[in-house]
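First up is the structure itself, then whatever we jot down about it.
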Amino acid sequence: MDYKKIIAQKISQAKDLGLDEVFEMIEVPQKSEMGDFALPCFKLSRTLRKAPNQIADELKETLIDLDGFSKIESVSGYLNFFVDKQSFSKQTLSEIIKNGEQYGASDEGAGKTICLDYSSVNVAKPLHMGHLSTTVIGNSLRKIYSFLGYKCVGINHLGDYGTQFGTLIVAYEKWGNKDTVEKDGIAELTRLYIKYHDEEEKHPELADEARTWFKKIEDKDPQALDLFNWFQEITLKEVNQTYDLLGVKFDYYTGESFYTDKMQPVVDKLTECGLLVEDQGAQVVRLDDYDMPPCIILRKDGASLYATRDMAAALYRKKTFDFHKCLYVTAYQQDLHFRQFFKVLELADYNWSKDLVHVNYGMVSMEDGSMSTRQGRVALLKDVLEKALEKASDIINEKSPELEDKEAVARMVGVGSIVFSALKNNRIKDITFSWDNALNFDGETAPYVQYTHARATSVIEKSGMSLEGEVDYSALENEDATALITALSAFKEIVQSAARRYEPSMITRHVVEIAQKFNKYYFDHRIIDTDSEEKNRARLILAAATKQVIKTGLELIGVESPNKM
RNA sequence: GCGUCUGUAGCUCAGCAGGAUAGAGCAACGGCCUUCUAAGCCGUAGGCCCUGGGUUCGAAUCCCCGCAGACGCGCCA
């Protein structure tokens with residue numbers, strides 16, 4: 001039952017107003033005393049040429065026996081609607097129980113594909129906290145869109161192109177050896193990389209060697225390519241351990257180098273459209289009309305650039321996946337770059353350029369400045385996860401020493417808390433990393449929500465009752481239950497908004513809200529009580545529905561829900 | 001200099017496309033475990049919603065001038 005629609009229909013009929021117009025005006029009041037829905041009548045006072053409170057009074061009379069509502073009030077220009085709690089509870093809860101893990105899902109995306117470009121790790125560089133946002137936002141959006149029926153293609157657009165790989169080969173040839181790299185992986189590659197830059201300051205001629213090696217990679221020289229592929233293998237082997245821990249998956253690891261031979265068509269197309277002009281020796285597309293600096297397509301030495309490669313990738317993805325949308329989850333640092341290359345594709349008559357979306361997010365820095373591997377000012381993702389896991393483990397040993405599967409639970413809680421906190425705030429917010437913050441398990445955190453889930457599970461188990469059978473929903477006629485049920489019923493819309501706005505944090509926050517409301521209910525009302533089986537069943541259904549929505553919500557942000565903790 | 005974004009409680013943040021008394025968490029202080037998981041719950045305290053204009057019946061929310069911070073602005077990605 002869609003209460004808002006019912007209200008809008010009745011009112012638009014009564015006052016001869018547009019249905020959509022009225023629908024838009026209906027809102028949900030902040031406080032439950034003010035009803036479940038409200039219509040502010042101030043705007044209507046102009047069209048209807050009457051005072052707002054008079055309009056509200058009149059409407060109240062016409063709507064007096066509206067089905068599904070227990071009360072309608074006219075309060076100083078507002079018309080407040082109170083839904084009939086029993087039918088609302090029954091309807092919402094049975095829908096959740098019936099649909100189970102599909103509650104909130106939809107098929108709106110059937111037949112449509114979404115490409116998601118996220119995480120995009122650099123070869124030979126470790127994952128640090130700066131990579132967390134892109135990784136978990138991308139992963140969550142992928143889950144959310146899949147939940148809404150879209151086919152999702154996750155792409156890890158590896159940073160595997162550039163002179164830096166020439167430098168790495170130089171460093172490896174001069175100071176590295178196979179065994180150490182095999183043993184220490186990325187840490188050793190990083191060490192070599194830093195060593196190179198130290199040495200280069202003293203011996204600038206190293207840069208020429210690096211450029212030569214990079215050229216060899218591009219020309220597919222076997223020796224260079226072997227090393228290059230090996231570095232990639234070492235990197236992926238290691239970062240995949242972290243992805244596994246986070247539960248993050250990709251369908252493709254097609255990186256920048258994959259597009260090396262796919263850029264000429266882009267250049268041809270831009271030339272054909274007359275967009276490409278020479279400027280200071282480089283080939284650029286002018287964007288003055290759009291208040292942007294020119295987009296450089298080819299350097300004066302003829303080499304391609306970031307934008308060229310991204311355009312080639314977009315073309316390839318469109319051709320290969322025929323995406324409905326293609327999302328790029330990268331930091332807002334790159335806002336201009338994306339605006340530029342989206343615009344260039346639009347100017348080149350690719351009408352699907354409107355389906356490219358830059359899902360940007362804020363910067364992560366350390367307390368003493370921005371994160372830098374080279375300057376050693378960095379919090380490695382691996383270390384942060386490990387510490388969180390340790391802390392979770394300690395707490396389990398302290399509070400639930402008898403728990404089975406301690407390790408699995410510690411993983412869900414520890415990793416979950418890191419993922420959760422990365423998805424708690426709006427994407428755009430900058431983050432200053434602090435250990436205290438990262439390892440906080442109190443308040444609006446994964447452990448808090450997971451604990452609520454475990455608590456609900458525990459009560460259901462302890463009751464030993466089946467959810468099937470007669471139910472007396474009058475047991476849920478109190479403010480705490482209603483508030484909880486209202487939050488549960490909003491889940492569907494929240495998921496859709498989160499998708500529409502590319503904002504997983506909406507789900508994170510909603511799940512916290514549900515947990516808060518359940519905990520409040522839990523402390524003021526006994527679930528398993530002595531009144532009647534039918535009433536116990538109603539309360540157990542409430543607990544089961546809460547458990548389900550929390551579980552689904554957490555799942556959508558990539559956090560697991562242990563049954564016990 | 002120009003552009004984009006951000007500015008709400010001591011700290012971290014919600015506040016959807018304008019609506020009724022601005023909400024959470026952390027930190028602080030005070031309570032609550034012989035009853036379903038105290039990783040919890042309740043209470044207290046804490047606000048010129050950056051400043052100033054404008055639009056509106058109504059502005060934290062929309063528009064403009066500032067201020068502060070982050071990021072970006074031609075051959076890196």
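Every value quoted in this text rests on a predicted model; they were computed, and no experiment measured them. Quick note on labels: first sequence line is chain A, next is B, and so on, each numbered from 1.
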Identify which nucleotide among [options] has an atom closest to any side-chain atom of [X], counting heavy atoms from C-beta outward.
X: K564(A); options: G15(B), C71(B), U37(B); result: U37(B)
X: F441(A); options: A39(B), G19(B), C75(B); result: A39(B)
X: K31(A); options: U56(B), C36(B), G23(B); result: G23(B)

To the nearest Å, how far apart are [X] [atom1] and [N] [atom2]?
X: N437(A); N: C11(B); atom1: CG; atom2: C1'; answer: 9 Å
X: I528(A); N: C36(B); atom1: CD1; atom2: C1'; answer: 5 Å
X: H510(A); N: A14(B); atom1: NE2; atom2: P; answer: 17 Å
X: L336(A); N: G72(B); atom1: CG; atom2: C1'; answer: 6 Å
X: F42(A); N: G58(B); atom1: CZ; atom2: P; answer: 11 Å
X: N536(A); N: C36(B); atom1: CG; atom2: P; answer: 15 Å
X: M465(A); N: C36(B); atom1: CE; atom2: C1'; answer: 13 Å
X: Q516(A); N: C13(B); atom1: CD; atom2: C1'; answer: 13 Å

Give a yes/no on whether any side-chain N or O of [X] is located under 4.0 angstrom from OP1 or OP2 of [N].
X: Y78(A); N: G58(B); value: no
X: N426(A); N: G15(B); value: yes
X: R299(A); N: C76(B); value: yes
X: Q30(A); N: A20(B); value: yes
X: R46(A); N: U56(B); value: no
X: K43(A); N: G19(B); value: no
X: R339(A); N: U4(B); value: no
X: N440(A); N: C26(B); value: no
X: Q333(A); N: C71(B); value: no
X: K399(A); N: G40(B); value: no
X: K462(A); N: U37(B); value: yes

On a whole-Å scale, what distance lies between the [atom1] atoms belonging to [N] and [M]?
N: A17(B); M: A60(B); atom1: C1'; answer: 16 Å
N: U6(B); M: A14(B); atom1: C1'; answer: 15 Å
N: C67(B); M: C48(B); atom1: C1'; answer: 16 Å
N: G15(B); M: C73(B); atom1: P; answer: 29 Å

**Report entry** Test: R427(A) cationic atom under 6.0 Å from Y502(A) six-membered ring centre, within 45° of axis
**Finding:** no
Query raised in the report: Does the ring of F518(A) carry K520(A) above it, NZ/CZ under 6.0 angstrom from centre and within 45° of its axis?
Result: no
Mind checking who [N] pairs with, Watson-Crick or G-U wobble, both distances under 3.5 Å?
N: C75(B); result: none
N: U35(B); result: none
N: U4(B); result: A70(B)

Do the ring centers of [X] and [Y] come within less than 6.0 Å of each other?
X: Y328(A); Y: F338(A); result: yes
X: Y118(A); Y: H131(A); result: no
X: F441(A); Y: Y448(A); result: no

Query raised in the report: Quick one: does N80(A) reach the base of A20(B) with a side-chain donor-acceptor pair under 3.5 Å?
Result: yes
Report task. May I ask you to verify whether the side chain of D279(A) and the base of G74(B) hold a donor-acceptor pair under 3.5 Å? Result -> yes
Report summary line: Result for 5'-nearest mapping on RNA chain B, choosing between G162(A) and T452(A), is T452(A)
Report summary line: Comparing nearest nucleotides in RNA chain B, the 5'-proximal residue of the pair D335(A), S400(A) is D335(A)
Report summary line: Interatomic distance, CG@N563(A) vs NE2@H453(A), rounded to 0.5 Å, equals 5.5 Å
Query raised in the report: OG of S45(A) to CD of Q54(A): how many Å apart, nearest 0.5 Å?
Result: 10.5 Å
Look at all strands and tell whether [X] reaches a base, only sugar-phosphate, or nothing, counting heavy atoms closer than 4.0 Å.
X: M292(A); answer: nothing
X: I527(A); answer: base
X: V284(A); answer: base
X: K429(A); answer: sugar-phosphate

Query raised in the report: Taking atom CD of Q264(A) as the centre, does the number of heavy atoms from other residues, nucleotides or ligands within less than 6.0 Å exceed 12?
Result: yes
Query raised in the report: Base of C33(B) relative to its sugar, syn (within 90° of 0) or anti?
Result: syn
